[in-house]
Structures are given as C-alpha cells and as structure tokens.
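Take a look at the structure set out below.
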Amino acid sequence: MDERLLKPYDPPTSEAAAQGLWLQSGAFAANPSSPLPPFSMVLPPPNVTGILHLGHAAMVTIEDIIARYARASGRDVLWVPGTDHAALATQAKVESLLHKETGQTRHDLGRDKFLAQVETYAQSSHDTIVEQIKRLGASLDWPREAYTLDATRERAVRTAFKQLYDDGLIYRGHRLVNWDPRLQTTVSDDEVEWVEREENFYYLKYGPFVIGTARPETKFGDKYVVMHPDDARYQQYEHGQKLTVEWISGPITATIIKDPSIDMAFGTGAMTITPAHDQADFDIATRHQLDHEPVIDLDGKLLPLAGPFAGAHIKKARPQIVATLEAKGLVEKVDPRYHHRIPTNSRGGEVLEPQVLKQWFLAVNKPLARRGGQTLKELMRQPVESGQIKITPDRFSKIYFHWIDNLRDWCISRQIWYGHRLPVWYRGDEIYCGIEAPIDPGWEQDPDTLDTWFSSGLWSFSTLGWPSDTQELKRYHPLTVMETGYDILFFWVARMILMSQALRGEIPFRQVYLHGIVRDEGGKKMSKSLGNIIDPLDMINKYGADALRLALIIGTAAGSDSKISEEKINGYKRFINKVWNASRFVIEHANNNQTTPLTAADQNTLNEFEALTRDVTGDLEQYRFYLAAEKLYHYFWHVFADKIIESVKERLHGQTSSTDQDSGRQLLAITLGRLLIMLQPFAPHITHTIWQIWKPDQPLIMFEPWPMS
RNA sequence: GGGCGGUUAGCUCAGUUGGUAGAGCAUAUCGUUGACGUCGAUAAGGUCAGAGGUUCGAGCCCUCUACCGCCCACCA
C-alpha cells in the first residue's frame, strides 16, 4: 500500500503538484500538426480591472470540463487564454484610484504618464487573474496567451479598421451619441443602462399648446412644436406654420411640425422637441431637416442659449427654471409621480447626456460589396437563422434576432486614452486611414480610442494570429465552441459574428453555449458595491479546487442563474474525501489481472455501470454538464461506495470461493478506473493524484480514453 | 408596450421523448475501533403557484391567472 494513500487527501499539496506537472509537461498544449481531430475554444478574456469572482470561476470550470472531455475523447484541443484591456472600465478604475490617492486627474498627469500607470495596474491585475485561473486547474494552453491590447492584436485591430473603412462601412459622422459628462466620453447603445425613477412631469404652456416634459432644463431652445398629422385637436395648424409664443426667457418663434411618430394619446398629443439631446427628437428633426442647436455642453452645463442660466449645471438649474416658468404662469400642472427611465453608463453609473457629436461609426445597414452586397445585420442574422451557428439554450436565438432588428450604427470612437488608438490621421481637411502612420510630415493622429468591444469582436481569429495566414487559423477557425455568459450575448457574441463574417467571410464558431449569472445565497448578483464578492482563491484554499468546481457546476443548467454558498462547496469537499477513501480501499484490494472472468452477477453490475457511462457521455455531448456531474456523484457515492464496495467487502471476509473473490476485486478495479476517468474533467486534481499513485507507469489520466462501450 | 425565464420537501435545485414525486444540505433517532466520524442506517417532510383543457394516464403538452426575475423598446 502506497503510503501517500494512507494520509487523508490534502488538496493544497496535491493540487500544486498536479498543476506543476501539467504545466511543466505541456499537457495542455495543442498540436496543430496532430492527426487527431481538432477541437478549439477561447477563454472569454476577463477584464484586467481587479480580481476574478465566482462567476468567472464557474465559467472557467465549465470550459475546462468541455476541454478535458474533448481531450479524453481523443481530440487535439486548443483552448486559448487571454485577458481584455476593458478600455473604459480599466481607465475609470485607475482614474478613481488616482483621484483617491493624490487628488489628481488624468489631465494633470498627461496622456503618456497616465497610460503608464494604467499599464502598471493592468499588469498586476492580470497576474492575479492568471494565478486564479491556474489554481482552478484550467487546462489552458498558456504559451498562447493573448491580450486584447498587445502587438499582435494591435495589428489585427488596425487591419480590421482599415478594411472596414475601405469597404465604406466605417464612417465619420455628426450624430446623436450617448455622452458621459463625468468620464468625458461616448458610450455605445449597448452600454446604456436604463434606470427607472419617479420624477415630476411638467405640463407647460407653449403658446396655444400645452406640452409635457420631465426635463424643463432642456427646453430653452425648443422652437418646434410637433403633433400627429391626423390629430383633430390641432387640425387648424398647418405643417410649417410659424407663431410667436412666450417662453422661458422671452418670446420666440415656434414652427409647427406634423409627424406621425407622435402618440396622440400621450399627454396633450403635442410636444416640443430638443433634437440635440434626445434620440427621438433627433430622429424627427432629421426627417424634417430641422436645426439641432445644443443647450447643454459636454460638462453638463447650460450654454449661452439659456440666457441667465448659462453656465449652471443642469441638475442645479432645474428647480430655478421651474420657478421662473411658474412666475411667468407657464406651468399648467405638475404630475409628481411620473415614472421615467434615465440613461446611465453601465460602466460607471453616471447619468448620460445625449449629444450631437462628430464620431466614428460602423454602418450596419449598408451593403458590403465583398460579401455579395449583404449588410452587417444580414451577415449577423443569417448563420444563426440557418443553424450554422447553434445557440444553447435555443431561446437566446430569438433574443439575438430581436437585438439585430433594433440595432443602429455602432459608435466605435471613445474619448478616453486607454485602448487602441484609431488608425486615422488628419492633415487639414485630409483624412488618412492606414495600418501604419503616413510618412510625410504634417499628419496628426486622431486622439480617440476604439470601443473595447471592437478588439474583442476580433477575438475568435485575432488569437489565432490573424491577419497573418497561420496554421492555427486554418486548423482551428471557426472555433468548435464559444462558451460565455448570456449577459454579453450582444456585446461580444454578436460582435464576433459580425467581425468574422465581414472580415473572413466565415462564422467565428459553430456552437454557442451560454451560462447564467452566479448569485449569492440570497439570489443577489455579486458585485463590489454590495460587498458580496467571493474570491475563488479563498474557497480553493479552504475546500480545494475540485470541491469548488463541483459546487459551481452541479445544479447549473445552461442559461440559468445559479446560487452558490459555502455550505454547498463544503458538501462537495466531503465527496472528494469519499472518492479518496473509496479509492484507497479499492487500490488496496484491487485485482489488476485483466483476464480474471467476472461472475454473472458482477457482469450484471458492470452492465448497469455501462448504462451510466452512456448516460453521462450523452449529457456531456448535449452540454448538460450539471447532470453528468450529478449522476457521477450519485453513482460513485450511493452505488459504487455504498453497495458495490460494501458487498465485495462482505465477500472478501466471507467464505466465498477464490474465483468469486477475484471477480469482485476485478469489478472494483474496472469500475473505479472508469469512474476516475469520467470524473477527471470535473475533479481533475484528485483523479490525477490517485491515478499517479495507482498506475504510475501509465499516461496521465487526462489522456486515458473515455470509457465508451 | 413587446418578449423571455422562474414558481417542485425547511433551504438550494434535479426531474432529458407524459407512465405510481427525486438529490444534496439542514432536522430527528440509532449506530460505527479496518476505505472513509469529512462516516453509515433509518425517519420525518411535497394536493409539483392557482384554474381549466387534451390524454387510459400530466410536474412535464395546450389556454388563462397570480407573483418573482430578466431582456428589449424614440410615451415627449
């Protein structure tokens, strides 16, 4: 009996030894020239904004199970690690640290010095994250690690930008965008988080009309009053008719506009518009070619148009403006219980102010000549519709189509410093777009950077070396599986389909598996502000990586949120202990002589076990990891340990024949071996450790063939 | 306003094509020095949110309702 088995299982020692051996021996390395069928996947790159939480740990666990199962099924597995620079999130994080520690802003430091600080922060965050992922036992091919902002990815980003610019899909335009006055940058539509609030709703007299608004402070420049062309109440007014009305700071000339987008049932059916600060108003103004004069500046302060209120911040000015309106008798009534949704920045929480700005956009409705005149929307929709890309669970396909239908041109330029600078240079009125800077003098590069999802969108192929025509790209793209959270279906999955379809003319992956959000015991989303973040390392140190992995996977169906508690993790720690002790008994009593025939009863037990094998294999093939793990757990403990081992024990102590005893010993050896192989994707450390002790001359358990009958 | 998910034992959740309700944790009692006290055995605990329908048979399929949660949407 090996003395290592006599001691209780000690996760820290065994896990460190196992991980050290795996990494050192290159066990996770993909081999592009392997004759085995390829299997490919990329790790959704975590943001370098701090540490990983249990949600990340669940993601790594699911993907590691997929990768290890594929390896055990005899495939050449490529699983690429990487991290994401998360432009805005990381910059905002460092800016707030800087402000807290020194009271300085990024402008006090200047672009170069500030970026150096961001890099330092990103590097340390990266190191923590990589350590966390390794401690989970993830079988990633580390030498291929990528960063969304490294040199290879920089070249990919510039190449992609130039290609789409040359295609005429990337353009510069004056459009209404989501502006964050605090972070001083634009934000894409998908990043807007709408927050419901109860506010006052004001009914204001505007000449002969009564108009409603929740934002009186934007109303200074309102010189258009809009109504539905069929509204009988306003039949006497003609489209384009002008009239003078008394307004906040004196009389102004108002123009009547008739537009069918107006809801006759809402309020009075008449409204004034603020095209410079509201999407709907901007659209109406565009349809009728109206002015869109700004009222609010980029800091959120009122412009000279606001007369005596110029320079005041909109938040402070509102009550004063309402007071002025009341004094003039222009307030008809106030509804104090108006429910209204306010756009905020999901990457910082500040209220956003729509602004008309000159920005760079990616056109989603423009035909792309290189792709048979299909638009990006069509290119995104078609592969999911045709089933070329399969989304699990299926219900997300519908959500995906709905998102595409509502999609507007994507604003890709950001006024922040951390990120890929736009590969665009200006000289007077000239614009140059290229992978390298122009050589002749006088050109100035655009100071803006790209939306972080632009580089993430290239991830399925930029990690494989694109735009170089690499062996990896040929062999592993499209990826076999894309596993990620349903919360970034639009941000990321959709953008990868867009980029791969547009730039490579192929899908980025064949199968999308979406997992849910890991919540705390109370069902709350884990977040730093709630203080309920659990560091996976704490749990690994306390219960071991295998126990944590099992706790994270069991009870977690695709696309469903799950809850995690320490009690659950502890429960699986006990299972790991059970595996250790049962293995100890079997190894001590096993019969490794493969030729011993099994008795009919033992053969029957083995046949039943084979049914489990088929069941578990089917679950893994169908991405039902939680069921596979649960069935193995249940069988190991309540059938193998409780019944099979117990009955063999009795036979060994009883008066049965030696052939019967040998048969029992062999049944134990066969069953344990296969159980360990099947448990390996879920609990790689303990199964590896037992295997090393039991069968030191055989290959690593992760390369043992999957027991399919 | 549109769409989606959930509602099963005290708690967390399974229940894959409809065939007499399951697991873990927690609880109670008993037991156990040879694989394992990080254990074993036993027990208690559910009109499967509610109503109606299809069926020989419904937790599962259909309709409606309630509550919880999520996503999307230019009601100013």
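Please read these numbers as outputs of a predicted model, since none were measured by experiment.
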Enumerate all atom pairs, one protein N or O and one N or O from nucleotides 1-12 of chain B, separated by less than 3.5 Å.
residue, atom, partner, partner atom, Å
B:C4, OP1, A:Lys398, NZ, 3.1

Give one of base, sugar-phosphate or nothing for A:Tyr202, where a contact means two heavy atoms less than 4.0 Å apart.
nothing

Name the nucleic acid region contacted by A:Ala265, choosing base, sugar-phosphate or nothing; use a 4.0 angstrom heavy-atom cut-off, strictly under.
nothing

Is there a side-chain contact between A:His638 and the phosphate of B:G24, meaning an N or O under 4.0 Å from OP1 or OP2?
yes

Does a distance-only test, which skips hydrogens and angles, find a donor-acceptor pair under 3.5 Å between the side chain of A:Glu646 and the base of B:A35?
yes

Between the protein and nucleotides 60-63 of chain B, which nitrogen or oxygen pairs are less than 3.5 angstrom apart?
none

A:Trp410 meets the ring-ring contact (aromatic ring centres under 6.0 Å, His included) criterion, sequence neighbours left out, with none

NA contact type, A:Gly269, heavy-atom cut-off 4.0 Å: base, sugar-phosphate, or nothing?
base

Convert the base pairs of RNA chain B into dot-bracket notation, remembering that pairs crossing earlier ones are written with [ ] and that bases paired across to another strand are shown as |; include only Watson-Crick or G-U pairs under 3.5 Å.
(((((((..((((.....[..)))).(((((.......))))).....(((((..]....))))))))))))....

Positions of residues 271-278 of chain A (non-hydrogen atom under 4.0 Å from RNA chain B), listed by number
A:Met271

Not counting sequence neighbours, which residues clear side-chain hydrogen bond (donor to acceptor under 3.5 Å, both in side chains) with A:Asp602? List them please.
A:Thr599, A:Arg651, A:Ser663

Contacts of type side-chain hydrogen bond (donor to acceptor under 3.5 Å, both in side chains), residue A:Gln511, not counting sequence neighbours:
A:Thr392

Does one side chain, of A:Tyr202 or A:Asn200, offer a donor that lies under 3.5 Å from an acceptor on the other?
yes

Of the candidates B:A35, B:U38, B:A76, the side chain of A:Asp263 sits closest to B:A76

Under the side-chain hydrogen bond (donor to acceptor under 3.5 Å, both in side chains) rule, collect the residues that match up with A:Arg381, sequence neighbours excluded.
A:Glu385, A:Asp405

Check whether the ring centres of A:Phe396 and A:Tyr513 lie less than 6.0 Å apart, and answer yes or no.
no

Which residues, if any, of residues 623-632 of chain A bring a heavy atom under 4.0 Å of RNA chain B?
A:Arg624, A:Tyr626, A:Leu627, A:Glu630, A:Lys631

For this output row, return yes or no: ring centroids of A:Phe201 and A:His340 closer than 6.0 angstrom.
no

Of all residues at least two apart in sequence or in a different chain, which pass the salt bridge (Lys or Arg N to Asp or Glu O under 4.0 Å) check with A:Asp335?
none

Can you give me the N/O atom pairs linking the protein to nucleotides 25-27 of chain B at distances under 3.5 Å, or say none if there are none?
residue, atom, partner, partner atom, Å
B:C25, OP1, A:Arg574, NH2, 3.3

Those residues that, when tested against A:His685, pass ring-ring contact (aromatic ring centres under 6.0 Å, His included) (two or more places apart):
A:Trp22

Should the pair A:Lys333 and A:Tyr203 be classed as cation-pi, given the thresholds of under 6.0 Å to the six-membered ring centre and 45° from the axis?
yes

